[in-house]
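Protein chains get the first letters and strands the later ones, always in sequence-line order, with residue 1 at the start of each.
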There are 2 protein chains.
Amino acid sequence: MSESIPTIKEIARRLNVSVSTVSRALSDHPRISTKTKEAVKELAKALNYEPNSKAIFFKQKRSFVIGVIVPHIYEDFFSKGISGIEDVALENGYTILFGQSHDRIDKERQVVDAMKNQRVDGLIISLSKETNKSDHLKTLDAYNIPVVYFDRVPSLPGVNKVFCNLFEGTVDMIEWLFKQDRKRIAFINGPGAIIASKERLDGYIEGISRRKLKVDMQMVEQTDFSEEGTHKAVARLLALKKPPDAIISFNDYVHMDAVKYALKEHVKINEDILFASYANISVNKHTAYPPVVSVDQFPYSQGEAAMKMLMDILQHKADEDAAAKAFLHKEIPVALVYNS
Amino acid sequence: MSESIPTIKEIARRLNVSVSTVSRALSDHPRISTKTKEAVKELAKALNYEPNSKAIFFKQKRSFVIGVIVPHIYEDFFSKGISGIEDVALENGYTILFGQSHDRIDKERQVVDAMKNQRVDGLIISLSKETNKSDHLKTLDAYNIPVVYFDRVPSLPGVNKVFCNLFEGTVDMIEWLFKQDRKRIAFINGPGAIIASKERLDGYIEGISRRKLKVDMQMVEQTDFSEEGTHKAVARLLALKKPPDAIISFNDYVHMDAVKYALKEHVKINEDILFASYANISVNKHTAYPPVVSVDQFPYSQGEAAMKMLMDILQHKADEDAAAKAFLHKEIPVALVYNS
DNA sequence: GCTTACAGGGCAAACGTTTGCACCGGGTTT
DNA sequence: AAACCCGGTGCAAACGTTTGCCCTGTAAGC
């Protein structure tokens with residue numbers, strides 16, 4: 001009943017030629033006459049022939065599939081990153097196998113395993129928060145599957161990675177706030193353990209220091225990303241003898257929670273206190289009180305860059321040229337985005 | 001240099017048995033002695049053997065990959081749906097190939113083609129807005145790839161689909177608003193052309209009618225989902241001689257835009273006017289003015305249901321039993337979610 | 001007329017795995 | 001003692017495609 005899927009064999013049978021001829025005709029091999037090629041291609045089109053990429057992989061050891069693993073898909077940042085990856089992949093005839101780690105290392109392991117079983121040609125991964133060592137990714141080496149890390153990258157050097165550094169962006173943001181005549185700039189950072197927090201804090205300290213001011217650690221709060229955590233941080237800031245006239249939040253989600261609490265305290269958002277943040281997520285355009293400035297990390301571009309890097313690696317895989325095998329690093333510049 | 005990937009052959013060679021024995025041992029075939037099985041399994045583990053699923057597909061004509069195509073990943077609704085799909089897939093040993101149509105039919109075609117080339121075992125798709133006929137999905141029949149439609153489903157009957165109907169939810173929402181003593185309930189609907197708009201409108205009319213009230217079409221506005229479109233709709237509602245005391249928005253994004261405009265007009269949100277909406281997206285928990293009630297369509301559950309349905313179809317694919325081949329429909333109930 | 005060259009195309013192996021069938025040796029039936 | 005059964009295992013084909021090598025026929029070169 002289900003009329004069989006056309007194969008190269010079928011074409012060969014109908015045209016009374018051998019399968020090898022068909023194969024070569026389809027790939028424009030010079031040894032095949034134009035006439036035969038035309039006949040083959042015509043019939044292929046008529047039968048709606050599509051090569052079975054699994055069989056090709058089997059022969060060529062390439063699957064034309066690349067794996068993409070992110071902590072969460074629901075975060076604006078990652079969904080945009082995936083779009084960047086996907087677009088470049090499609091341009092190059094690749095498809096993406098997808099998985100989420102939900103920020104858990106066991107899940108990450110499971111997904112990495114699944115990708116390995118599927119014999120992906122390469123992997124782009126943004127590490128889960130729990131992932132400090134990447135031994136589960138070492139096994140990919142044995143399978144000769146190259147890995148490109150994306151945004152949440154290991155700090156070790158011996159890897160390919162695309163990321164951005166928030167240090168400069170933070171310094172710029174502080175400069176800008178000073179120009180708006182803000183003098184008491186507070187900062188709600190994320191948990192101290194993660195690198196992203198350190199980058200931001202370093203930038204904050206540098207930014208304040210450049211104005212020859214002393215950094216007041218009372219102005220630096222921390223949140224665990226929960227609503228309560230952020231509320232408490234804001235509460236402490238507002239309770240200071242000299243409360244801040246600007247608050248930088250770790251990201252736009254923290255920003256929203258901060259605003260929510262400040263509103264309850266009758267703070268005039270972006271008047272009494274200017275609110276700044278990181279990420280520049282899409283919903284900022286819809287919310288009543290977006291941050292006046294947000295540091296955009298251009299996830300789409302990061303995704304594009306990561307996929308291009310992977311394509312590059314795949315190209316040069318067979319090369320004996322050692323130089324082509326060096327580990328690639330790419331730092332994407334950030335930019336301030338203003339909401340008026 | 002790249003130490004070779006372990007195969008079943010390698011195991012056979014080392015253990016001095018045939019590949020068939022290894023294959024059977026690995027799959028717990030009853031004819032193989034426990035001793036041999038143990039030896040094989042032990043060595044397999046030691047070598048870190050992982051079956052090459054491409055080769056298996058080749059033999060079994062199953063890839064253990066299912067394709068998932070959605071209009072956008074950045075929408076909260078779809079990202080949750082995908083998570084539901086993914087979790088069920090993983091439980092069943094399947095991995096997902098992912099693609100976005102960006103609400104364009106040409107992109108949808110391209111992605112469907114890519115999935116076909118990869119010989120996915122099945123496909124779950126939420127149609128793009130542009131897709132009215134699905135001839136490009138007909139070609140999947142020839143490849144014997146079953147399709148389950150998800151949320152954005154074709155209205156025709158001869159398909160498998162999981163969806164929810166907003167009619168009841170809308171009626172319930174109106175009832176609830178009446179109970180809050182709201183008498184002039186306005187409605188900002190989406191473009192008339194899409195089914196989702198019709199369902200909502202029908203529910204709105206039914207809800208109002210049940211109170212024996214006449215439906216005032218001045219209270220029914222429309223937006224094209226742009227910020228301006230929504231702003232104009234709100235402006236018209238506020239300019240009415242008898243402005244509304246409740247506004248239902250097409251979804252939470254429209255809701256946000258509506259609130260943003262209303263704030264400018266000094267409306268006291270959720271006091272002067274109660275705001276209600278659909279979708280119950282995650283950021284509602286962070287925003288300053290979430291809708292007091294939102295109709296949750298449980299995208300995660302829908303995703304789960306869709307994947308389970310597909311697993312079911314795949315199970316019964318070989319069945320000659322016609323009953324098992326009937327087209328499956330599943331309607332997921334919605335629920336009101338209140339934000340206090 | 002004979003060799004040589006080359007264009008055009010076919011044969012068959014290989015990729016990793018599954019599976020129907022055959023085989024073998026020892027124990028049970030008759 | 002012949003016939004049978006059965007647990008345990010091996011053989012080989014098959015899946016769709018690519019590719020190194022070989023074969024054939026015709027035309028050019030001598």
Side-chain angles (χ1 to χ4, degrees), chain A residues 2 4-41 43-44 47-64 93 116-119 121 142-144 318, chain B residues 2 4-41 43-44 47-65 93 116-121 142-144 318:
Chain A
S2 66
S4 62
I5 300 169
T7 71
I8 231 173
K9 276 188 181 175
E10 173 69 8
I11 298 180
R13 203 180 51 72
R14 296 210 195 196
L15 251 42
N16 248 317
V17 297
S18 73
V19 286
S20 31
T21 302
V22 176
S23 172
R24 284 192 251 254
L26 253 17
S27 54
D28 265 328
H29 194 281
R31 297 283 283 252
I32 304 297
S33 68
T34 334
K35 221 172 117 187
T36 313
K37 277 185 195 167
E38 274 171 10
V40 168
K41 285 183 184 169
L43 183 58
L47 289 183
N48 242 309
Y49 168 77
E50 313 246 7
N52 182 332
S53 53
K54 295 298 186 302
I56 293 176
F57 161 81
F58 195 31
K59 194 58 186 148
Q60 312 220 310
K61 318 207 132 278
R62 305 183 60 183
S63 59
F64 290 100
K116 192 170 53 188
N117 287 164
Q118 293 291 340
R119 300 293 192 275
D121 284 348
Y143 284 76
N144 217 337
Chain B
S2 65
S4 62
I5 300 168
T7 70
I8 231 173
K9 277 187 182 174
E10 174 70 10
I11 298 179
R13 201 180 53 73
R14 296 209 196 196
L15 251 41
N16 248 317
V17 297
S18 73
V19 286
S20 30
T21 303
V22 176
S23 173
R24 286 193 250 256
L26 254 16
S27 53
D28 264 330
H29 189 109
R31 298 282 283 247
I32 303 295
S33 68
T34 334
K35 220 171 118 189
T36 312
K37 277 185 193 167
E38 274 171 10
V40 169
K41 286 183 183 170
L43 183 57
L47 289 183
N48 244 309
Y49 168 78
E50 313 247 8
N52 182 332
S53 53
K54 294 299 186 304
I56 293 176
F57 161 81
F58 196 31
K59 192 62 185 141
Q60 312 219 313
K61 316 208 133 277
R62 306 184 59 186
S63 59
F64 291 101
V65 173
K116 191 170 54 188
N117 288 163
Q118 294 291 340
R119 300 291 193 275
V120 293
D121 284 348
Y143 283 76
N144 217 337

Measure from the side-chain heavy atoms of A:Arg31 and tell me the nearest of D:dG16, C:dT17, D:dC22.
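Given the options D:dG16, C:dT17, D:dC22, the side chain of A:Arg31 is closest to D:dC22.
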For the CG atom of A:Asn144 and the CZ atom of A:Arg119, what is their distance to the nearest 0.5 Å?
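Going from CG on A:Asn144 over to CZ on A:Arg119, the span is 11.5 Å.
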Between [atom2] of [N] and [atom1] of [X], the distance in whole Å:
X: B:Asp28; N: D:dG7; atom1: CG; atom2: P; answer: 16 Å
X: A:Ile8; N: D:dG16; atom1: CD1; atom2: P; answer: 11 Å
X: B:Lys59; N: C:dT19; atom1: NZ; atom2: C1'; answer: 7 Å
X: B:Leu47; N: C:dG16; atom1: CG; atom2: P; answer: 14 Å
X: A:Ile32; N: D:dG20; atom1: CD1; atom2: P; answer: 14 Å
X: B:Lys54; N: C:dT17; atom1: NZ; atom2: P; answer: 13 Å
X: B:Glu10; N: C:dC15; atom1: CD; atom2: P; answer: 13 Å
X: B:Tyr49; N: C:dG16; atom1: OH; atom2: P; answer: 10 Å

[X] side chain N/O closer than 4.0 Å to the phosphate oxygens (OP1, OP2) of [N]?
X: B:Thr36; N: D:dT9; value: yes
X: A:Thr21; N: C:dG8; value: no
X: B:Lys37; N: D:dG8; value: no
X: A:Gln60; N: D:dT19; value: yes
X: B:Ser23; N: C:dT18; value: yes

Most 5' of B:Ala55 and A:Asn16 on DNA chain C, judged by nearest nucleotide:
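Here A:Asn16 is the residue nearer the 5' end.
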Donor-acceptor pair, side chain of A:Ser27 and main chain of A:His29, under 3.5 angstrom:
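No; judged by distance alone, with no hydrogens or angles, the pair does not exist.
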Tell me whether the side-chain N or O atoms of B:Ser18 pair up with the base of D:dC11 as donor and acceptor below 3.5 Å, since no angle test is needed here.
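Result: no qualifying N/O pair found.
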So, does the side chain of A:Arg24 form a donor-acceptor pair with the base of D:dG20 at under 3.5 Å?
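Present.
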Under 4.0 Å between any heavy atoms, over every strand shown, what does B:Ser20 touch: base, sugar-phosphate, or nothing? Just pick one.
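The residue B:Ser20 makes base contact.
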Are B:Lys41 and B:Asp28 within salt-bridge range, i.e. N to O under 4.0 Å?
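A salt bridge is present here (some side-chain N lies under 4.0 Å from a carboxylate O).
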Taking B:Glu10 first and then B:Arg13, would you say they form a salt bridge - that is, a charged N and a carboxylate O separated by under 4.0 Å?
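Looking at B:Glu10 and B:Arg13, the cut-off is met.
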Of B:Val17 and B:Arg119, whose closest DNA chain D nucleotide lies nearer the 5' terminus?
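Closest to the 5' end, via its nearest nucleotide, is B:Val17.
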Return the 5'-most residue of the pair A:Ser27, B:Val19 with respect to DNA chain D, ranking by each residue's nearest nucleotide.
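With A:Ser27 and B:Val19 compared, the 5'-side residue is B:Val19.
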For B:Thr21 and B:Ser18, which I'm curious about, is there any donor-acceptor pair between the side chains at under 3.5 Å?
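Yes, because at least one side-chain N or O of B:Thr21 sits under 3.5 Å from a partner of the opposite role on B:Ser18.
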